[in-house]
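For reference, the structure is listed below as structure tokens.
Protein chains get the first letters and strands the later ones, always in sequence-line order, with residue 1 at the start of each.
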Amino acid sequence: MSQQPPGEEIARRLVARASWQPLEVLFWAAALASIYVLPGRHLILTEIAILGLFALSLDLILGYAGIVSLGQAAFFGFGAYAAGLLAKYDLVTEPLLALIVSGVAAALVGFVTSFLVLRGSDLTRIMVTLGVALVLREIANRYAWLTGGADGLQGVEIKPLFGLYRFDMFGHTAFCYALGVLIVLFLLARRIVHSPFGLSLQSIKGNPVRAAAVGIPVNGRLVAIYTIAAGYAGVAGALLTQTTAFTSLSVLDFERSADLLLVLIIGGTGYLYGGLIGAILFKLMQDYLAALTPQYWPFWIGLLLVAIVLIGRERIMSWTKPIRALARRLDWRRSTTAVAVEGQRP
Amino acid sequence: MLTILFDGIAYGMLLFVLACGLAVTLGLMNFVNLAHGAFAMAGGYCTVILVNRWGIPFLAALPLAFLSTAILGLAFERTLYIHVYRKSHLDQVLFTIGLVFMSVAAVDYVMGSSQVFVQLPSWLEGQINVLGVGIGRYRLLIIIICGLLTLLLQFILARSRFGSRLRAAVDDQRVARGLGINVGGVFALTFAFGSGLAGLGGALGAEILGLDPIFPLKYMIYFLIVVTVGGTSSITGPFLASLLLGVGDVAGKYYMPTLGAFVIYTIMILVLIWRPQGLFARGGAR
Amino acid sequence: MTVMLETIALEKRFGGLVATSNVALKVEKGARHALIGPNGAGKTTLINLLTGVLRPTAGRILLDERDITSLKPHSRVKLGIARTFQINQLFAELTPIETVALAVSERLGCGKNWWRIVGRPSQVTDEVVKILENFRLVDVMNERTAILPYGKQRLLEIAVAVASAPRVLLLDEPAAGVPEDERHMILDIVARLPGDVTVLLIEHDMDLVFQFAKWISVLVNGVLFVEGSPEAIARDERVRQVYLGETGHG
């Protein structure tokens with residue numbers, strides 16, 4: 001048994017929370033490999049990457065800060081229209097720059113509306129977020145001279161990425177672009193949730209009263225994460241516009257927010273990968289079921305939601321247990337240290 | 001001008017009948033039932049089938065719509081909803097959205113996706129002229145029926161034995177249980193009654209609101225507005241909120257068509273922020 | 001002696017009910033001060049007023065001569081008031097190591113840092129280590145708080161408050177509900193708190209009160225009833241009468 005002073009052990013355990021697990025490395029290796037292994041599936045893979053990023057934005061507020069939102073589409077849609085308008089009127093022609101501008105714009109909307117979700121219960125938050133999304137959709141619908149209204153935003157032309165890579169019809173460029181953005185933003189999110197700021201969010205989710213008693217400015221932190229998450233959703237929406245060169249009112253639909261909840265619930269909340277895994281499963285399912293009967297696809301979503309709730313989300317999530325156990329066994333750092341600690345204290 | 005007011009009142013009363021069941025569910029069990037509109041849709045389609053296909057007179061079809069939706073509501077409550085009461089709000093939202101999606105797709109499958117209309121008897125069509133104000137006959141009928149229903153509801157809640165039990169259960173579930181009130185039973189009946197009213201509202205409203213498979217999604221926000229603005233501690237609150245919403249919506253669409261519906265959404269958000277318990281909630285409610 | 005925490009004519013009403021009435025409490029620097037009183041005397045209300053969970057209807061609160069009456073709870077923590085809760089208020093899904101690290105990070109001002117990993121400034125880790133060891137939480141430091149034995153949760157409850165390095169520590173019945181054989185751990189911890197920390201203890205357990213306190217204030221029906229040294233309070237006939245109708249303890 002290794003003889004380690006508990007102090008070093010504690011210090012190491014604290015930092016080890018953020019260390020990379022082998023399964024994570026595997027996940028991203030597979031994602032990168034799909035560029036070469038699945039060239040024929042880049043269109044759906046792009047959709048998955050965008051949906052995964054969108055779900056990640058919801059996970060940041062729901063899984064980490066405990067804010068139930070039924071209107072995340074508001075920011076997705078805002079980002080989508082922002083990117084569309086920037087491209088259509090040649091305001092910002094470099095796609096990556098336009099993406100950032102759209103994300104920041106959505107984050108600003110998030111910042112402004114974040115003050116609305118600070119007060120009140122889950123129920124108030126559900127309705128306020130839903131209301132905000134509806135207001136934006138209604139605005140987009142009314143100001144048809146700008147947004148194209150019900151016909152969608154026509155005539156969006158996306159210039160080549162960095163002036164070099166044209167968005168091709170097979171979606172090769174689009175996928176590499178979307179995956180790259182997803183990876184960068186995922187790394188950022190991973191950094192955030194393992195920071196003291198991220199930890200304080202989890203504490204607010206767990207017990208806001210105690211969090212304040214520890215000295216955490218609860219409202220300030222919630223505003224911050226809500227703003228960040230809105231930015232993420234905005235980038236996801238902008239990616240959709242840029243990769244499809246089109247956007248319509250459907251980006252602001254209630255169904256989009258509701259589907260998003262399902263995506264995140266399938267994959268599980270609060271560990272960042274839930275949204276990505278949920279996006280993969282959701283899109284595969286959609287691909288299969290919608291091919292059978294596209295019109296009745298909502299029925300299957302609904303059935304799945306009802307089933308998940310009735311069976312219980314915790315029980316559903318237990319399918320990841322063997323995977324987590326495997327992850328723990330694969331992790332060389334943990335297995336040795338745990339024994340050492342137990343040896344320390346008789 | 002007065003015609004608009006009249007139309008607005010009819011619309012508002014309709015909304016009240018549609019939404020008051022939701023107010024009770026929310027107040028009694030603190031349960032978020034986003035699928036409330038699905039029951040309204042069921043009542044609407046039920047009437048369409050009864051009147052258009054089977055040739056049952058419109059007025060006779062209305063109680064049937066109420067009854068069948070109430071039974072449907074009771075069945076759902078006893079088999080499904082009962083498992084979700086104790087779960088988190090997030091679960092309740094997921095569950096009821098799931099029901100909405102299923103109902104939308106199922107109705108689409110059975111009845112088709114296009115809008116349907118109830119064949120109204122000829123004596124309900126057209127307008128009558130009262131003191132120079134054009135009044136739609138059908139809207140007059142709605143006001144009469146909904147007005148009577150409101151009075152009946154108020155009477156049941158204020159006077160009857162069931163009403164006092166319901167109020168006790170709303171005020172404090174644990175105390176009510178301690179007094180020997182079967183809260184589960186009270187709630188099942190209330191849920192069924194609320195669903196029935198929604199169904200009746202759907203039947204009456206098919207003509208005005210339009211009836212198609214996405215009805216529950218389209219009007220979900222309206223029901224929520226009624227409940228949030230009106231509060232859930234009495235039925236007077238939702239009633240006033242419904243009238244306000246009805247008149248406001250009709251007038252808004254008529255006078256400021258460019259602004260559209262988002263004025264109403266914005267008002268809802270402001271009310272939520274200003275008074276989370278609802279505009280007409282009595283002070284100090286939970 | 002300087003006064004660390006002071007209330008001036010503090011009053012709190014809930015509708016018609018007066019929970020705190022004209023309370024003028026002075027807690028001296030470094031004090032071992034106990035606040036006792038029968039059930040419903042308004043002790044926890046007073047703590048909630050001091051920490052900013054509740055807003056007073058009237059009156060002022062001074063911390064080290066600074067008016068903190070209108071400050072938010074988290075700002076008061078920054079100024080050095082920490083509290084424990086009568087009923088555990090912990091983060092069920094976090095581990096003790098995370099919980100303590102959270103409080104320490106927040107105190108050292110890196111709580112809003114979103115770029116560094118928790119525990120990276122080694123100052124944080126050093127403090128976390130010290131507190132976990134002091135509070136005998138090392139053996140359970142990686143368990144979810146929700147599954148800890150009650151006694152350990154109680155220890156963690158105090159550890160979190162101490163991790164904020166308070167100048168004034170408000171202990172709201174720290175031994176409440178702790179089984180007899182684990183009680184000595186709590187007493188031990190409370191006795192070993194650093195001398196320069198001002199401690200205001202609210203307690204029902206008279207053994208603990210008389211073992212710990214150098215000064216006792218008695219609160220009855222929201223009013224400061226009598227104050228004095230433990231000996232004086234023990235002899236006081238009025239206090240005895242107040243407690244006679246209560247549990248058989250006092």
Side-chain angles (χ1 to χ4, degrees), chain A residues 62 66-71 113 115-144 253-255 257-259 261-262 264-265 269 293 295-314, chain B residues 26 30-32 34-35 38 79-81 83-84 87-109 112-113 213-214 217-218 220-221 224-225 227-228 232 257-277 286:
Chain A
L62 178 62
I67 303 174
V68 184
S69 166
L70 206 47
T113 54
F115 296 94
L116 304 176
V117 301
L118 290 180
R119 279 185 53 175
S121 58
D122 280 353
L123 185 62
T124 325
R125 284 173 170 174
I126 287 167
M127 291 202 230
V128 168
T129 50
L130 177 66
V132 169
L134 282 167
V135 168
L136 280 188
R137 189 183 191 282
E138 194 61 25
I139 291 174
N141 189 21
R142 293 287 155 180
Y143 291 86
D253 273 350
F254 167 73
E255 284 90 334
S257 299
D259 285 356
L261 269 174
L262 176 63
L264 187 59
I265 296 303
T269 58
T293 49
Q295 207 177 352
Y296 310 123
W297 158 241
F299 185 83
W300 303 111
I301 297 186
L303 188 65
L304 198 61
L305 279 168
V306 169
I308 286 177
V309 172
L310 288 180
I311 295 169
R313 278 188 285 137
E314 291 77 22
Chain B
L26 199 63
N30 196 17
F31 183 83
V32 192
L34 297 181
T79 53
L80 294 176
Y81 278 81
H83 301 292
V84 192
K87 300 205 175 200
S88 67
H89 277 139
L90 175 61
D91 276 324
Q92 295 174 1
V93 165
L94 292 171
F95 173 77
T96 51
I97 289 179
L99 285 184
V100 169
F101 281 174
M102 285 172 75
S103 71
V104 166
V107 168
D108 193 340
Y109 179 72
S113 61
I214 60 162
L217 283 171
K218 236 179 0 191
M220 181 171 72
I221 188 70
L224 290 175
I225 291 174
V227 174
T228 47
T232 56
T258 46
L259 280 179
F262 65 87
V263 176
I264 287 167
Y265 303 151
T266 314
I267 289 172
M268 175 191 82
I269 294 172
L270 292 179
V271 167
L272 276 170
I273 299 305
W274 179 43
R275 291 196 63 169
Q277 304 294 343
R286 278 178 300 170

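Using a 4.5 Å cut-off on side-chain heavy atoms (C-beta onward), B:L94 and A:L262 make no contact. By the 4.5 Å heavy-atom criterion applied to side chains, A:D259 and B:F101 are counted as neighbours. Annotation: side chain of A:V306 is in contact with side chain of B:M102 (closest heavy-atom distance under 4.5 Å).
Using a 4.5 Å cut-off between heavy atoms, B:V104 does not touch chain A at all. Contacts between A:I126 and chain B at a heavy-atom distance below 4.5 Å involve the side chain alone, from C-beta outward. When heavy atoms are compared at a cutoff of 4.5 Å, A:L136 does not approach chain B at all. Neither the backbone nor the side chain of B:T96 comes within contact range of chain A, judged by heavy atoms closer than 4.5 Å. Within the 4.5 angstrom heavy-atom criterion, only side-chain atoms of A:F254, from C-beta onward, approach chain B. Looking at A:V68, the atoms closer than 4.5 Å to chain B (heavy atoms on both sides) all sit in the side chain, from C-beta outward. In this structure, chain B has a heavy atom under 4.5 Å from the side chain of A:L62, while its backbone stays farther away. Interface remark: A:L130 contributes side-chain atoms only to the contact with chain B (heavy atom separation under 4.5 Å). In this structure, no portion of B:I225 lies under 4.5 Å from any heavy atom of chain A.
In the displayed structure, B:Y109 atom OH is contacted under 6.0 Å by at most 12 heavy atoms of other residues, nucleotides or ligands.
The distance from the CE atom of A:M127 to the CG atom of B:L34 is 8.0 Å, given to the nearest 0.5 Å. Rounding to the nearest 0.5 Å gives a distance of 13.0 Å between CG of B:L90 and CD1 of A:I67. Here the CD1 atom belonging to B:I214 is positioned 7.5 Å from the CD atom belonging to A:E255, to the nearest 0.5 angstrom.
Between chain B and the residues A:V128, A:L116, A:L304, A:L134, the largest count of heavy-atom pairs under 4.5 Å involves A:L134. Ranking A:N141, A:V132, A:I139 against chain B, the residue ahead of the rest is A:I139, based on heavy-atom pairs under 4.5 Å. Interface check for chain A: of the options B:L80, B:L224, B:V32, the most heavy-atom pairs under 4.5 Å are formed by B:L224.
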